[in-house]
Participant: 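One structure is given below, represented as structure tokens, and several questions about it will come after.
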Amino acid sequence: MPTIKSTSAATISTRVWRDLAQLAVEALAIGVVFSVLLALAVLVVARGTHGDEFAGPQSAPTEIHAPPSMG
């Protein structure tokens, strides 16, 4: 069974490493931009509403009593 010698193995060229580094930087930049846009969208939505409007219109509290027992 033939084996690969370390001297005959192909090395990865610097162009490949450069492309991989560029891809990583682009992915990081896209992630940062998307995160900032998402944070701004959440901020706009959160500032556009008041805390008491979340559950709908407020009504006066009602008292609930149990009926008298028949015993």
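For clarity, every value in this text was computed on a predicted model and none was experimentally measured. All residue numbers refer to positions in the sequence shown, counting from 1.
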Participant: Show every donor-acceptor pair shorter than 3.5 Å between a side-chain atom in residues 27-36 and any protein atom, with sequence neighbours excluded, or say none if there are none.
Facilitator:
from  : atom 1 : to    : atom 2 : distance (Å)
Ser35 : OG     : Gly31 : O      : 2.9

Participant: Transitive ILVMFWY cluster of Ile64 at side-chain heavy atoms under 4.5 Å: who else is in it?
Facilitator: none
Participant: Using a 4.5 Å cut-off between side-chain heavy atoms of Ile, Leu, Val, Met, Phe, Trp and Tyr, which other residues end up in the same hydrophobic cluster as Trp17?
Facilitator: Ile12, Val16, Leu20
Participant: Can you name the side-chain contact (heavy atoms from CB on, under 4.5 Å) partners of Gln22, sequence neighbours left out?
Facilitator: Asp19, Glu26
